[in-house]
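For reference, the structure discussed in these notes is given below.
Heads up: numbering here begins at 1 and tracks the sequence. Remember, it's a predicted structure, so these values are computed and weren't measured experimentally.
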Amino acid sequence: MFNTLFTSSTVASAFSQGDLANFITDTTNNWQYLLAALGWGVLISFVFMFCLRCLAGCIVWCSIFGLIFFFIGLGLLFLYNAGYLGAASGVATYVGVPSFSGTSANNAVYGWICIGLGCFFFLVTLCCCSRLRLAVAVCKSAGQFVASVCTSVLVPILQAIFAIIMWGGSLVVMVFLVSSAGFTANSGTYFSSIASYDDPNMIRFYVYVFFTLWTSAFIGAMTIFIIASACTMWYYSHGPDS
């Protein structure tokens, strides 16, 4: 394809070798697995949304404390490499604790910083406990909304379809407008350039790009509005204290 498109062997070889050629070859040979991974990702996202209905609190609190334990554990590893945990060196070596490069003083500084971050997040969690419980309740309501109004998951899918159709047609129009402008050949290069950016067709191209971006933003705003309004009507359709 590249040999046919480009008359210069230099350009053709540049496109048919290296990382770009490897990427095209890998995509061609493994497109089935890429589609399977995409479908699996969509399925997991749906399962996660439905799990929010019952496991929102578990997910939120496990994520928060997992982050705290991560920083504290990373800090202990740095302190171990700095020599602060010499008594446990045999056990740490046995389980394969990595040895970070750098001087002992640097590892000690990194260790105390990580432990300080873990303690800081723990204090923030204690201070914002009521707000976190409110966030958990909001996540549970979101999971109940998705489970009760299953058609809401079709809104972003339809948005993506509309966006793809719009951008596909818009790119064709953009290419037509640009190709209708005057071009001049450049000596010493393989590509030509636009003769004048004040060309009427280029002005039409600028206006069309602006309206394409505006329409894309409008579609995204409509998607957010539809989901937000549907969630609001569903939430306030319940009676008091339900």
I need the minimum non-hydrogen distance between [X] and [Y], along with the two atoms involved.
X: L74; Y: C114; answer: CD2-SG, 3.8 Å
X: G169; Y: Y208; answer: O-OH, 4.4 Å
X: I219; Y: M166; answer: CD1-SD, 4.1 Å
X: S170; Y: T212; answer: OG-CG2, 3.6 Å
X: I203; Y: D198; answer: CD1-O, 3.8 Å

Surrounding [atom1] of [X] (heavy atoms of other residues, nucleotides or ligands, distance under 6.0 Å), is the total greater than 12?
X: Y206; atom1: OH; value: yes
X: F162; atom1: CZ; value: no
X: F176; atom1: CZ; value: no
X: W234; atom1: CH2; value: yes

Practice item. Quick one: do I59 and S63 satisfy side chain to side chain contact (heavy atoms under 4.5 Å, CB included)? Show the steps, please. Key: CA-CA 6 Å; I59 293 174; S63 301; 4.2 Å; yes
[X] with [Y], same ILVMFWY side-chain cluster at under 4.5 Å:
X: F70; Y: V60; result: yes
X: V178; Y: F211; result: no
X: L171; Y: V209; result: yes
X: I227; Y: I161; result: no
X: I72; Y: I113; result: yes

Output the distance between atom [atom1] ([X]) and atom [atom2] ([Y]), rounded to the nearest 0.5 Å.
X: I64; Y: F69; atom1: CD1; atom2: CZ; answer: 12.0 Å
X: L132; Y: C127; atom1: CG; atom2: SG; answer: 10.5 Å
X: W31; Y: L38; atom1: CH2; atom2: CG; answer: 13.0 Å
X: C62; Y: F65; atom1: SG; atom2: CZ; answer: 9.0 Å
X: T125; Y: F120; atom1: OG1; atom2: CZ; answer: 9.5 Å
X: I164; Y: Q159; atom1: CD1; atom2: CD; answer: 10.0 Å

If only atom types and distance count, is the side chain of [X] paired as donor or acceptor with the main-chain N or O of [Y] below 3.5 Å?
X: D199; Y: A181; answer: no
X: T27; Y: F23; answer: yes
X: S45; Y: V42; answer: yes
X: S229; Y: I226; answer: yes

Exercise for review: Please examine the side chains of Q144 and Y235, heavy atoms only from C-beta on, and report whether any two atoms are closer than 4.5 Å.
Suggested key: no
Check your understanding: Below 4.5 Å, heavy atoms only, C-beta onward: do L76 and I115 meet side chain to side chain?
Key -> yes
Check your understanding: Going through the checks in order, is the side chain to side chain contact (heavy atoms under 4.5 Å, CB included) test met by W61 and V136?
Key -> CA-CA 9 Å; W61 292 112; V136 170; 4.2 Å; yes
Review point. What about the rings of W214 and F210, do their centers lie closer together than 6.0 Å?
Key: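 No: the rings miss the under 6.0 Å criterion.
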Enumerate donor-acceptor pairs with a distance under 3.5 Å from any side-chain N or O in residues 149-156 to protein atoms, sequence neighbours excluded.
unit_1: S152; atom_1: OG; unit_2: V149; atom_2: O; d: 2.7

Exercise for review: Could you point out which residue of F122, F71, W112 forms a side chain to side chain contact (heavy atoms under 4.5 Å, CB included) with L117?
Suggested key: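 Of the listed options, the one satisfying the test is F71.
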